[in-house]
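Here's the structure we're looking at; comments come further down.
We name chains A, B, ... by the order of the sequence lines, and we start the count at 1 in each one.
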Amino acid sequence: MKEVIKSVKGTRDFFPKEMAVRRWLIDHMRQVSTQFGFQEYEGPCIETIDLYAAKSGDELVKEQSFVFPDRSGELLALRPELTPTLARMIASKQNELVFPLRWWSFGPFWRYERPQKGRSREFYQWNVDLIGTDSIQADAEVIAVICEFLKSIGLIPEQVKILVNNRRLMDACLDDLGFTTDQKPSIHKLIDRIDKMSSNTWEQYAVDININPQQLKDLKNILNDDLMWEKSEELVELIESLKWLGFSEYIQFDPKIVRGLDYYTGTVFEAKEMTGNFRAICGGGRYDNLVADVGGSPLTGVGFAMGDVVIQLVLESLGLIPQTINQPNSVFVTIFDGECMPFSYQIANLLRESGMNVILNPGIEKLNKQFKYADRLGVNFVIVVGPDEIRESTVTIRNLDKHNQFTVVIKEAVEFLSGLLAGD
RNA sequence: GUGCCUGUAGCUCAACGGCAGAGCGCCUCACUGUGGAUGAGGAGGUUGAGGGUUCGAAACCGUCCAGGCACCCCA
């Protein structure tokens with residue numbers, strides 16, 4: 001056989017079956033975002049490299065972005081994340097926007113890394129941000145959006161949790177242990193990894209980054225202290241607000257959640273599936289100086305990003321992906337032969353005008369082939385317009401699901417079919 | 001960028017170094033006005049590529065390519 005040209009590494013094809021699942025996810029994201037009063041926005045997929053140099057600057061841009069020169073030689077990047085674009089958009093209209101701003105977006109992103117389970121080079125992300133307020137209630141509201149979404153797609157608190165922590169609380173603890181500001185990023189990494197390594201290698205790793213035995217012991221105590229949140233006024237308030245919002249069961253304090261990104265300042269959180277077999281479903285937190293980096297006045301905000309890959313893996317593992325039929329609420333009109341063809345067109349037009357989705361068989365084929373085709377398309381109702389029907393001004397409507405059929409006069413066909421489709 | 005694993009029909013996979021196969025799917029027919037079921041036929045392969053070892057390689061060896069997983073990073 002001929003060699004089929006391959007797709008680009010780390011990209012995915014969305015055949016109708018996969019596309020239906022993606023559509024289903026997006027519909028829920030839109031629904032929940034709107035329900036909480038967030039407005040949809042979108043930015044360009046390509047940006048100048050300068051935009052990212054201003055903020056990200058780190059590995060995300062240098063190592064993991066698709067960067068290329070345009071024909072004039074200017075360096076552009078396929079966006080690896082949305083936040084810099086969001087900051088730029090806000091900065092450009094800072095004086096006319098209504099704050100606090102509640103915005104959401106869903107679109108494609110690209111990162112040049114080795115694909116693996118839960119990670120691809122082209123992926124989609126749902127971004128939700130609430131900007132221009134530093135109230136803890138804003139943090140709670142954004143977390144509630146995630147909870148409502150998880151709930152709406154069928155994930156229950158026993159299966160998935162939002163793990164929350166607070167950077168200020170952790171930093172205060174690390175100060176108490178005598179860690180310097182310079183040490184903190186590596187300590188964050190260490191904490192982030194405690195569940196990913198065996199305890200021996202983890203302790204060796206701790207020694208490697210110059211932690212003394214006493215500090216290590218204290219650190220382990222902190223990471224096992226499930227009640228430490230009580231020492232943080234912000235966390236107490238956050239958890240209280242989430243109780244009022246009705247999502248206590250989805251929320252769990254976890255001192256091991258610190259997040260890798262440096263720009264988080266207060267609340268941080270991740271949604272995790274409880275068996276621990278998957279990467280984080282989403283991640284986010286509170287940040288300062290969002291807009292200052294691209295030339296605006298400083299604004300604080302809180303937000304999160306959810307990729308489309310991990311959530312799908314989780315839903316798949318729990319059998320929660322809906323089985324979609326290919327052509328829901330569609331009607332298939334057969335063509336009996338050349339003589340009868342005009343009548344089939346007439347019927348198809350009539351049904352389409354009354355708002356139905358109609359598939360007309362392309363060309364003349366044996367009736368059994370047309371039926372088989374309709375069946376494989378997932379259509380429920382097939383219409384036959386043959387010599388008998390034409391003579392009597394009727395059509396025959398077969399219900400493929402129920403294995404029965406009726407012959408009705410054309411005038412009543414629309415109403416009859418509408419009834420069948422509605423009762424479907 | 002580093003490490004490990006895997007490449008055989010459209011898909012899932014068999015085949016001790018000795019004739020390249022099965023299940024599912026696909027096409028045709030039984031079915032000249034009716035889909036799934038059943039039966040009978042049929043198509044489909046340079047075993048990822050190109051070398052080496054061997055009387056003989058899908059299998060063994062090394063090279064390349066592709067994919068998966070883990071690390072890195074992160075959605």
For B:G35, what is the paired nucleotide under Watson-Crick or G-U wobble rules, both distances under 3.5 Å?
none
The answer to which of A:Glu113 and A:Glu389 contacts RNA chain B further toward the 5' end, by nearest nucleotide, is A:Glu389
Under 3.5 Å, side chain of A:Glu148 to main-chain N/O of A:Val145, donor-acceptor pair present?
no
Near-parallel close stack of A:Phe123 and B:A75 base (under 5.5 Å, under 30°):
yes
Any donor-acceptor pair, under 3.5 Å, between the side chain of A:Arg114 and the base of B:G3, if you only look at N and O atoms?
yes
Within 45° of the ring axis of A:Phe278 and under 6.0 Å from its six-membered ring centre, is that where the NZ or CZ of A:Lys117 lies?
yes
Regarding A:Ile311, tell me which of base, sugar-phosphate or nothing describes its non-hydrogen contacts under 4.0 Å with the strands shown.
nothing
Please confirm whether the shortest side-chain N or O distance from A:Lys366 to OP1 or OP2 of B:C29 is below 4.0 Å.
yes
Is there a side-chain contact between A:Gln116 and the phosphate of B:C69, meaning an N or O under 4.0 Å from OP1 or OP2?
no
Would you mind pulling out the nucleotide paired to B:C4, Watson-Crick or G-U wobble, both distances under 3.5 Å?
B:G68
Please check the phosphate of B:G68 (OP1 and OP2 only) for any side-chain N or O of A:Lys117 closer than 4.0 Å.
no
Counting only distance, no hydrogens or angles, is the base of B:A75 paired donor-acceptor with the side chain of A:Arg111 under 3.5 Å?
yes
Check the distance between B:C11's C1' and A:Phe15's CZ and give it to me in whole angstrom.
13 Å
Under 3.5 Å on both distances, the Watson-Crick or G-U partner of B:G41:
B:C27
Relative to A:Phe14, does A:Arg22 satisfy both conditions: NZ or CZ under 6.0 angstrom from the six-membered ring centre, and within 45 degrees of the ring's axis?
yes
Please determine whether a side-chain nitrogen or oxygen atom of A:Arg193 lies at a distance below 4.0 Å from atom OP1 or OP2 of B:C72.
yes
Where does the angle between the aromatic ring planes of A:Tyr112 and A:Phe66 fall among parallel (under 30°), tilted (30 to 60°) and perpendicular (over 60°)?
perpendicular
Assign each of A:Lys372 and A:Val310 to its nearest nucleotide of RNA chain B by heavy atoms, then name whichever residue's nucleotide is nearer the 5' end.
A:Lys372
Does the separation of the ring centres of A:Phe149 and A:Trp126 fall below 6.0 angstrom?
yes
Rounding to an integer number of Å, can you tell me how far A:Ile397 CD1 sits from B:G35 P?
19 Å
Check the phosphate of B:C73 against A:Lys189, side-chain N and O only, distance under 4.0 Å to OP1 or OP2. Yes or no?
yes
Side-chain donor or acceptor of A:Glu270 under 3.5 Å from a matching atom on the base of B:A75?
no
Name the pairing partner of B:A22, where a pair is Watson-Crick or G-U wobble with both distances under 3.5 Å, or state none.
B:U12
Check whether the side chain of A:Arg376 and the base of B:G35 form a donor-acceptor pair under 3.5 Å.
no
Phosphate oxygens OP1/OP2 of B:A75: is one of them under 4.0 Å from a side-chain N or O of A:Arg259?
yes
Any side-chain to backbone donor/acceptor pair from A:Asn361 onto A:Ile335? Under 3.5 Å, distance only.
no
Assess whether one donor atom and one acceptor atom, taken from the side chain of A:Gln405 and the base of B:G33, lie less than 3.5 Å apart.
no
Starting at CD of A:Gln370 and ending at C1' of B:U32, how long is that distance when rounded to a whole Å?
15 Å
